[in-house]
J.: 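Handing you a structure now.
Values below: all heavy atoms of this structure, side chains included; hydrogens, waters and symmetry mates excluded.
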Amino acid sequence: ALAPLAGRGLRDAWGDAGAGWGNTIGNETPVHRIDQIWHRGLSLRSVVAARTARSDHRMVVADFALPATRP
């Protein structure tokens, strides 16, 4: 189901910089990674699946490095 994303030049952030298990459903004992962030041409610093207080899913948190701009 996700092949069209890769075919359009998008990349799975977890595959680029993920740390830990990465599974997002359920929150208490995650067994499958259904929540994802896809990107194109961004530099990643880290990606984690973080436990949440008010959801049955863990949230995916990605830290991207933006390119420097000249004044």
Side-chain angles (χ1 to χ4, degrees):
L2 300 173
L5 296 174
R8 294 175 187 242
L10 293 169
R11 298 179 53 89
D12 177 12
W14 191 268
D16 290 346
W21 285 99
N23 294 338
T24 60
I25 186 155
N27 194 19
E28 293 297 320
T29 308
V31 295
H32 191 60
R33 186 173 74 94
I34 65 169
D35 302 283
Q36 302 174 16
I37 296 174
W38 287 72
H39 71 98
R40 180 180 326 185
L42 297 174
S43 177
L44 280 156
R45 294 177 181 233
S46 66
V47 182
V48 298
R51 195 173 194 178
T52 60
R54 293 184 169 84
S55 176
D56 60 344
H57 292 231
R58 291 187 178 201
M59 67 178 157
V60 181
V61 181
D63 183 18
F64 292 95
L66 299 175
T69 59
R70 295 181 181 172

J.: Tell me the closest heavy-atom pair linking Arg58 and Glu28, and the distance in Å.
T.: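 That closest heavy-atom pairing would be NH2-O, 3.7 Å.
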
J.: Please tell me whether Ile25 and Met59 are part of a single hydrophobic cluster in this structure, the criterion being side-chain heavy atoms less than 4.5 Å apart.
T.: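 No, separate clusters.
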
J.: Rounded to the nearest 0.5 Å, how far does CH2 of Trp14 lie from CG of Asp35?
T.: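 Answer for the CG-CH2 pair, Asp35 versus Trp14, is 11.5 Å.
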
J.: Please answer: with hydrophobic residues joined when any side-chain heavy atoms are less than 4.5 Å apart, are Ile37 and Leu10 in the same cluster?
T.: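 No, Ile37 and Leu10 fall in different hydrophobic clusters.
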
J.: Give, for atom CG of Asp12 and atom CZ of Arg33, the distance between the pair rounded to the nearest 0.5 Å.
T.: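 If I round to the nearest 0.5 Å, the distance is 4.0 Å.
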
J.: Do Thr24 and Val60 make a side-chain contact, defined as non-hydrogen atoms from C-beta onward lying under 4.5 Å apart?
T.: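 Result yes, sub-4.5 Å side-chain heavy-atom pair found.
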
J.: What I'd like to find out is whether the side chain of Gln36 reaches to under 4.5 Å of the side chain of Leu2, using heavy atoms alone.
T.: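 Yes. Closest side-chain heavy atoms under 4.5 Å.
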
J.: List in chain and number order the residues that pass side-chain hydrogen bond (donor to acceptor under 3.5 Å, both in side chains) with Thr52, two or more places apart in sequence or in another chain; answer none if no residue qualifies.
T.: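 Scan of Thr52 (side-chain hydrogen bond (donor to acceptor under 3.5 Å, both in side chains), adjacent residues dropped) gives Asn27.
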
J.: Looking at every non-hydrogen atom in both residues, tell me the closest pair between Ala17 and Leu44 and how far apart they are.
T.: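 For Ala17 and Leu44, the tightest heavy-atom pair comes out as CB-CB, 3.8 Å.
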
J.: Any side-chain heavy atom of His57 within less than 4.5 Å of one from Ile34?
T.: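 With C-beta onward as the side chain, the pair touches.
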
J.: What closest approach, in Å, do Ala65 and Arg45 show between heavy atoms, and which atom pair accounts for it?
T.: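 The pair with the smallest heavy-atom distance is CB-NE, 3.3 Å.
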
J.: Quick one: list whatever passes ring pair (Phe, Tyr, Trp, His ring centres under 6.0 Å) with His39, sequence neighbours left out.
T.: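 His39 satisfies ring pair (Phe, Tyr, Trp, His ring centres under 6.0 Å) with Phe64 once adjacent residues are dropped.
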
